[in-house]
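This report refers to the structure that appears directly beneath it.
The chains referred to below are lettered A, B, ... by the order of the sequence lines, with proteins before strands, and numbering in each begins at 1. Being a predicted model, the structure only gives us computed values, none of them experimental. Side chains included, hydrogens not; waters and symmetry mates left out as well; all remaining heavy atoms used.
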Amino acid sequence: MKKISTLLGLVLISLPLFLSCSSRFKLTNDTLYFNLGTEPPSLDPSKATDTTSNLVIENIMDSLTDYDISTADLKIVPKVAKSWRITKGGKVYTFTLRNDILWTDGKKVTAHDFEYSWRRLIDPATAAEYAYFLFDVKNAKAFNEGKIKDFSKVGIKALDDHTFQITLEKPVSYFLHVSTFSSLSPLRKDVIDQWGDRWTEPEHIVTEGPFKLVQWKHDYQLTLERNENYYDAKGKLKKVECFMIVEQSTALSLYQTRKLDIIIQVPPLDIPKLKQTPEFHSGNFLSTYYIGINTKKAPLNNPYVRKALASSINRNQITEMLQKGDLPSSSLIPMGMQGYNPELGYKLNVAQAQEWMKKAGYEKKESNPTWVHSKTKEPFPTLTFMYNTNEAHKTIAEDLQAQWKKNLGVSMVIDNQEWKVYNNSLQSSHKSPETASFHLFRLGWNADYPDPDNFMSLFTSYSDNNHTHWGNSKFDSLTEKAKVILDYSKRVDLYNKAQKILLEEDTAIIPLYVYAHQSMWRDEVKGIQMNPLDRWYFDQIWLERNIK
Amino acid sequence: MLLFILKRLFISIPVIFILATLTFCIMRVTPGGPFDKDKAIPPEIKANIEAKYHLDKPPFINTPAFHEKKWINILTETQYFYYMKGLARGDLGPSYKYLGRSVTDIIRDSLPVSVELGFYAALLAFLLGVPLGILAAYKHNTWIDNAAMFTAISGITLPSFLVAALLIYIFSIKMGWLPAGLWDGGWEYKVLPTIALGLRPVAIIARLMRTSMLDVIKADYVRTARAKGLNEVWVILKHVVKNSLIPVITISGPLIAGIITGSFVIEHVFAIPGIAKHFILAVTNRDYTLIMGVTLVYAVLLIIANILVDVFYALVDPRIKLS
């Protein structure tokens with residue numbers, strides 16, 4: 001017996017020694033360990049539509065231009081295009097490309113690679129979701145619909161190896177943003193023709209960005225290595241190991257045990273505790289969380305009722321409860337973007353809200369705390385708020401339910417649906433909004449590009465993203481006008497007017513807050529620029545580990 | 001016996017066909033499709049995408065073809081026919097979520113990982129569960145029995161995410177001995193997930209083994225064996241254990257099929273790139289082809305496991321004959 005316990009003791013003592021020897025993670029200043037959070041659904045620039053895929057693509061591909069994330073207004077700076085000219089009143093964009101950019105296989109990047117990539121995005125055979133990015137380009141939409149077969153009629157042309165020209169249908173102020181999109185990075189026709197859908201696998205892929213993809217273990221990890229052919233200042237990191245750890249608390253455990261250097265999602269329950277540490281970083285990004293109102297369904301077809309609802313919300317209470325550092329906001333255009341105006345939109349004002357209800361034709365007796373219609377004597381109905389199943393949305397819905405009950409005396413039931421079912425319900429409500437099952441719903445919007453048009457055009461009467469069933473021709477024309485104006489202050493003025501209609505005069509939506517994103521990294525990780533687009537550029541990051 | 005196996009395999013073909021049809025129906029009646037998102041896609045783009053994946057065709061019956069009197073097209077120009085045609089050739093189709101990857105690719109990448117982990121867990125379950133059950137039954141109503149059954153009950157009742165979280169907290173964060181997750185080839189990555197995944201089957205097998213052995217140990221032939229003056233170890237191993245194994249074998253088929261197709265919780269918590277997550281995520285993504293793919297994999301494994309169980313019966317119990 002004694003022998004056995006001695007043996008057991010020895011095994012137990014030697015276990016940690018043995019374990020520490022077998023570690024595969026050698027911490028050096030060359031390799032960064034990063035958590036992507038999930039498998040990128042596609043590394044094909046024409047097909048990727050999600051943030052994870054784009055995070056990787058942005059590090060392995062360069063577009064014509066890029067944002068300088070160190071500037072507050074996210075200035076657009078040259079990348080593959082060294083310069084550009086905008087002519088014919090903003091209708092023609094001519095990009096001049098650098099001639100020293102090489103693909104990872106050594107060939108030169110030319111304007112024809114861009115022509116191919118832009119063409120591929122709108123080619124109906126590609127079936128790219130983001131084809132609409134180019135719908136402002138002459139005949140691009142018709143080409144995508146198959147109405148035009150002859151590509152030479154489309155306003156996308158490589159004039160020679162170094163000149164790439166785009167002709168638009170009409171001038172649009174945000175078109176330069178389009179040239180930054182990773183969806184429009186140059187592509188190699190020969191590579192894609194040869195390998196088909198599999199061209200993004202590490203053994204086939206050919207790219208021209210600061211890093212290259214060398215390994216991709218699906219659903220687990222991918223490895224990026226510094227592109228030694230890169231034309232610009234090379235990054236200091238030689239390698240970035242990107243893991244796809246979905247469970248945030250596992251990623252946090254791995255971070256705490258130094259298996260990860262950066263995590264870009266933090267378990268919400270741990271935020272209050274982690275917030276105290278210097279390794280915790282939080283920032284707001286260009287996004288808005290809003291409540292949509294079904295403006296066709298009674299009693300919310302009455303704008304005064306909508307105004308009353310909007311004036312009975314304490315946004316601070318919601319963001320404080322969520323504890324994520326989200327920024328309360330009553331403006332649709334988020335903070336950090338041209339046109340953001342915190343003055344717009346109704347704030348908490350209980351007395352005013354009661355007035356709106358009276359104006360809407362409801363009255364309340366001292367003896368009876370519920371609203372009754374003064375003519376029909378019908379009580380104010382119970383509202384239905386619909387949200388997609390998620391803890392945070394649930395917290396918000398319950399809080400709104402309590403706030404509206406307390407501040408306005410309006411009852412509401414909340415109804416959750418699984419994400420796809422939820423989207424389906426929103427879409428199908430367009431057929432008959434009056435009889436839809438919900439009065440209110442929630443949605444959020446992240447900027448595709450840092451221009452207010454990306455937010456404002458969501459609520460035009462003809463937008464497919466507008467589920468409020470609200471339309472106002474004045475709002476539509478203001479938004480259309482602002483789209484083509486280049487003058488900064490005139491644009492802001494137009495957007496102020498348009499937002500006033502959307503948020504106050506008609507109150508079709510009630511913005512709640514600007515999302516915050518959280519990440520953690522140790523002091524040894526240098527060069528990270530938190531930015532409102534939540535971009536991660538690995539060539540700007542370096543490590544100063546204290547290696548013994 | 002070969003004939004038996006072949007016969008069983010042959011019968012399973014219509015089973016798989018019916019299963020595939022049922023899964024197909026359930027998926028199509030579920031609201032929301034693979035390309036429905038909160039961001040609206042312009043209708044012309046959606047049309048391009050749906051055409052690419054044959055989703056522009058009606059699911060089962062092509063009514064326009066009926067009106068055009070193209071009788072064959074009524075059934076052939078449908079999503080169901082296109083899918084079944086591919087399936088008959090062994091083509092599970094492309095994933096709708098992971099663009100550029102086929103369902104076969106995804107299963108080929110992820111199934112071996114789950115099988116490996118499942119193998120360790122099953123090994124643990126038998127190597128630990130069977131002796132534990134034997135010990136508990138042999139020392140019936142002693143502290144050993146109570147301790148073993150307490151462990152077993154805990155193993156069954158404790159949810160695996162809790163066990164996993166506790167293991168990570170103790171062995172990774174506090175002790176720093178083992179990694180908190182990942183699957184990097186080294187054995188140290190396999191210890192915690194194996195324990196977390198194997199604990200429940202250990203408990204199930206131990207309890208089953210104990211109950212069954214308590215029955216057998218009272219049987220007449222055991223008394224006879226003892227009366228013959230046989231060595232006690234021999235009595236237990238040869239007469240009691242062998243005959244007590246039948247219920248354990250019965251349950252081990254579905255149990256093993258269950259473990260090797262992975263556990264969503266364990267693979268999720270330990271960030272293991274196995275197949276289990278696709279059982280859940282494919283549904284939330286409405287990745288029709290992937291849902292079908294993983295369902296068929298599970299069905300095939302279950303069928304094979306059940307055939308193996310029947311074969312083992314015959315080997316263990318001479319009263320059972322395969323026919």
Query - Sidechain N-carboxylate O distance under 4.0 Å for Arg198(A), Asp105(B) - result: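 Result for this pair is yes, salt bridge flagged.
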
**Report entry** Electrostatic pair Lys277(B)-Glu39(A), nearest N-O below 4.0 angstrom
**Finding:**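 So Lys277(B) does not pair with Glu39(A) through a salt bridge.
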
Using non-hydrogen atoms and a 4.5 Å limit, figure out which bit of [X] sits close to chain A: side chain, backbone, both or neither.
X         : value
Pro34(B)  : backbone
Lys97(B)  : both
Ile168(B) : side chain
Lys37(B)  : both

Determine whether more than 12 heavy atoms belonging to other residues, nucleotides or ligands lie under 6.0 Å from atom [atom1] of [X].
X         : atom1 : value
Lys52(B)  : NZ    : yes
Ile61(B)  : CD1   : no
Tyr462(A) : OH    : yes

Side-chain contact, heavy-atom cut-off 4.5 Å: [X] with [Y]?
X         : Y         : answer
Thr284(B) : Trp419(A) : no
Phe35(B)  : Glu129(A) : yes
Pro273(B) : His218(A) : no

When rounded to the nearest 0.5 angstrom, what is the spacing between [atom1] in [X] and [atom2] in [Y]?
X         : Y         : atom1 : atom2 : result
Asp219(A) : Ile272(B) : CG    : CD1   : 12.5 Å
Phe161(B) : Glu247(A) : CZ    : CD    : 11.0 Å
Leu99(B)  : Lys47(A)  : CG    : NZ    : 6.5 Å
Gln256(A) : Ile173(B) : CD    : CD1   : 5.0 Å
Tyr132(A) : Ile45(B)  : OH    : CD1   : 7.5 Å
Ser253(A) : Phe270(B) : OG    : CZ    : 9.5 Å

Query - Candidate pair Glu44(B) and Lys147(A), rule salt bridge (Lys or Arg N to Asp or Glu O under 4.0 Å), full reasoning - result: CA-CA 11 Å; Glu44(B) 54 272 24; Lys147(A) 288 180 188 154; over 6 Å; no

Which answer fits [X], side chain, backbone, both or neither, if we ask what part of it has an atom under 4.5 Å from a heavy atom of chain B?
X         : answer
Ser425(A) : neither
Asn144(A) : both
Trp445(A) : side chain
Ala128(A) : backbone
Leu443(A) : side chain
Ala125(A) : backbone
Asn423(A) : side chain

For [X] against [Y], the heavy-atom pair lying closest together:
X         : Y         : answer
Ala271(B) : Tyr220(A) : O-CE1, 3.7 Å
Gly33(B)  : Lys420(A) : O-NZ, 3.1 Å
Ala127(A) : Ile49(B)  : O-CG1, 3.3 Å
Pro42(B)  : Asp464(A) : CA-OD2, 4.1 Å

**Report entry** When Leu254(A), Val246(A), Thr257(A) are compared by non-hydrogen pairs under 4.5 Å with chain B, the top option
**Finding:**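 Looking at each option in turn, the highest pair count goes to Leu254(A).
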
Query - When Asn465(A), Asp197(A), Asn424(A), Ile245(A) are compared by non-hydrogen pairs under 4.5 Å with chain B, the top option - result: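 Option with the greatest count: Asn465(A).
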
Query - Any residue meeting salt bridge (Lys or Arg N to Asp or Glu O under 4.0 Å) with Glu68(B), in chain and number order, not counting sequence neighbours - result: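 Listed in chain order: Lys70(B).
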
Query - Under 3.5 Å side-chain donor-acceptor pair for Tyr422(A) and Asp36(B) - result: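 Absent: no donor and acceptor within the cut-off.
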
